Novice: 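This is the structure I have questions about; it appears just below.
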Protein chains: 2
Amino acid sequence: MGEKVVSLGARGGEAGPRGRSAEEVDVRIAKETLNKAVSALERVVKPRAANPLSTYVRAEPLEGGLALAGTDEEVDLEVRLEGEADGLGREPFLIPGAPFLTLARSLPGEEAELRREGRVLEIRSGSFHTSLSLAQAEGYPELSLPGEEGEGRFGVAGRLAKDLFLRGFSAVRYAAAKESYRGVFCGVQIELREDGLRFVASDGYRLALQDLPASLGLSARVVVPARGGEEAARVLSALEGEEVVLAARKGALGLVLQGEGVTARMALRLLEGEFPDYERVIPQEFALEAEVETEALAETLKRLAVLSDGENRRVDLLFEEGRIKASADGLWGQGEEEVEAETRGPALALAFNARYLLEALAPVEGRARLRASGPQTPVLVEPAEGGGYRAAVMPLRVS
Amino acid sequence: MGEKVVSLGARGGEAGPRGRSAEEVDVRIAKETLNKAVSALERVVKPRAANPLSTYVRAEPLEGGLALAGTDEEVDLEVRLEGEADGLGREPFLIPGAPFLTLARSLPGEEAELRREGRVLEIRSGSFHTSLSLAQAEGYPELSLPGEEGEGRFGVAGRLAKDLFLRGFSAVRYAAAKESYRGVFCGVQIELREDGLRFVASDGYRLALQDLPASLGLSARVVVPARGGEEAARVLSALEGEEVVLAARKGALGLVLQGEGVTARMALRLLEGEFPDYERVIPQEFALEAEVETEALAETLKRLAVLSDGENRRVDLLFEEGRIKASADGLWGQGEEEVEAETRGPALALAFNARYLLEALAPVEGRARLRASGPQTPVLVEPAEGGGYRAAVMPLRVS
């Protein structure tokens, strides 16, 4: 194979001293390592994209392995794979994303041998062999990635347990606005502080925030688009590694994760702007407080929502001593159910969009505490035992 | 509740001797039993239907329980549920399907109490209570169901292990034509014989058949529409019960399944006509025979299909001594792989639609035997150890 002469096309390199093309690449990567990279890259490299080059995976041979990168509108991702590498070339090249990712996932052997000869990437694994047509790296979107410690154009923000980051993001993500014209409210605001961080999202009808303990070096406020953040969260979940390096620069949040044999660097394009003073809208005092089994209340809401018609999925809650009486009414009929609750305060009747209340309850484990004053002010939902999560939901205005 | 007077509308009954409406129904059903019925009914009762009444579940109170029925274009289904029943009414009524099926699945208590009062069905379970608006049974499609032993307008055809029926249907279903204008070829032909039965499907490019041992009393040939048969198979899977009673009449195949507390009766509307003499197209003699690990060949085909462009997903197979060399070629590049095989006969090169060959291999467990003569005749695929399954696939015609 080493002596094989391949038609290299216009950009073809010349034969080097060992009879190899100057562009040859020879990398051996464990299948397991490659699989990890693919799990991460397939979140970002889509079969269709506004810029056709974004359907490609950008590959760059390194001294000790290979860097594979991809981008969509919102996330830049590079995954460095450790592998046995004696490649001579250093120039990046583009591999067609759809076939490469699908094939790399299902190779028959325990390792993959990648070899570039001019405009062709040869992949061998077991008795399988493929030659994929490469594209030139020219015109590929420029990726803006943080250094492995967050350095470079990014200011170092510190390190954080990966699970905390994922927990924070997933706890509030539901409350972000879905309509793209809502601007900054389509995002999740991440507030990095010296002694911790906070995730906040709000679409104007409800708000969710999650405070997390962490000792970060730097303070910054950034708003990541909810969808891009979700992609990044999936990439982090797909990869091993305990700690995430967070780094911020104007316009982007950098994330770096080091796992066994794999290092991922990401840049999330940020939304411009910042949330207005949302704490102002969270009431500090309440007339009524109720504690319930979160799951019992959620199941009741789900059942009754079946009966409520229309967009707002109205379910009525009557807070009384010792219980919440829930009811709904619609085209098919009506229904009601009681949920045991420890209540303090006067009886209170409120109507909710069942979906909003269900989403607010979803991150709560164990018992939930609901606090309310009336139909004009938001209801606060928290875990009874604390934990940094709080959600505010506006009741429906009903006649 | 017994004394409650409800506005009964035009069809309202009069109060009976115990102060109850003549239409009252009072049935207590274990939640588990109700869940089984729902799993079956939701395959047939859809949220939307050409006839709006088909979105309802037809309920009929029985001496020892309740019969719930539904229909779509292709399948009529009735599920009889055992329960404690002291209802007075016997008239059927219609329950709105979508809310009823969703709610019945998620009741909080261990049992459900159903009670009809005029045009309202009250359901109580735990602290949950709902009143669903009923529709009149008038105008509901007439269901044509077999008796519990297949009698009635159906001729008795015999009993069959449920698993055999499911296995037979699912082994050949893939080969049925998808385009509705293909008439009888959109169906699966079931051939009932004294000593066994056969399932056959073909779209003209491939054919699949499954012979099964069973002692059936009657002989008949029926063609069930593939989609309706699939619904029926899902209903059978959802319910307990070892044996299916098969019964045929003009235009319909009857299926009866008895499980604990639940008896299901189904009628599948048949396609008109019969398959032409398909055995004629299955060659009896072959130039080449090859035995392979089914999964190894399938994995190879899946990998190479990634590289083959276009509708026909062409993969080339070269049968040689001791192996099959598979290859594919497309826009992104090309690939090849070898699969170990025991071959007898001369080397032979054939091209296939990878999907067709993969689907033909899917029902084969263990090793597969492929027999072929050339590009003009179908290739026969079977389990090397037999078992009644055979598939014929036409190679692609290539220049």
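Chain letters run A, B, ... following the sequence lines, proteins first and then strands; every chain starts at 1. Remember, predicted model here, so these are calculated numbers, not experimental data.
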Novice: Given the options Gly333(B), Pro108(B), Gly335(B), which has more heavy-atom pairs under 4.5 Å with chain A than any of the others?
Specialist: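 Answer, by heavy-atom pair count under 4.5 Å with chain A: Pro108(B).
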
Novice: Quick one: what part of Ser106(B) sits under 4.5 Å from any heavy atom of chain A, side chain, backbone, both or neither?
Specialist: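 Both parts, backbone and side chain.
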
Novice: Less than 4.0 Å between a side-chain N and a carboxylate O, is that true for Arg367(A) and Glu293(A)?
Specialist: yes

Novice: Ion pair present between Arg115(B) and Glu117(B), side-chain N to carboxylate O less than 4.0 angstrom?
Specialist: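 Yes.
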
Novice: Of all of Ala328(B), Ser127(B), Ser327(B), which one pairs up most often with chain A through heavy atoms under 4.5 Å apart?
Specialist: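 Top count of heavy-atom pairs under 4.5 Å with chain A: Ser127(B).
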
Novice: Just checking, any donor-acceptor pair under 3.5 angstrom between side chains of Glu321(A) and Thr343(A)?
Specialist: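 No.
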
Novice: Checking heavy atoms, do the side chain of Leu132(B), its backbone, both or neither come under 4.5 Å from chain A?
Specialist: both

Novice: Tell me whether Glu113(B) is salt-bridged to Arg28(B), with the criterion being a basic N under 4.0 Å from an acidic carboxylate O.
Specialist: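 Arg28(B) and Glu113(B): salt-bridged.
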
Novice: Tell me which of these, Lys302(B), Glu299(B), Arg303(B), has more heavy-atom pairs under 4.5 Å with chain A than the rest.
Specialist: Arg303(B)

Novice: Go through the atoms of Leu331(B) and report whether side chain, backbone, both or neither lie under 4.5 Å from a heavy atom of chain A.
Specialist: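 Answer is backbone: N, CA, C or O of Leu331(B) sit under 4.5 Å from chain A.
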
Novice: Just verifying a value: how many Å separate Leu301(A) CG and Leu358(A) CG, rounded to the nearest 0.5 Å?
Specialist: 5.0 Å

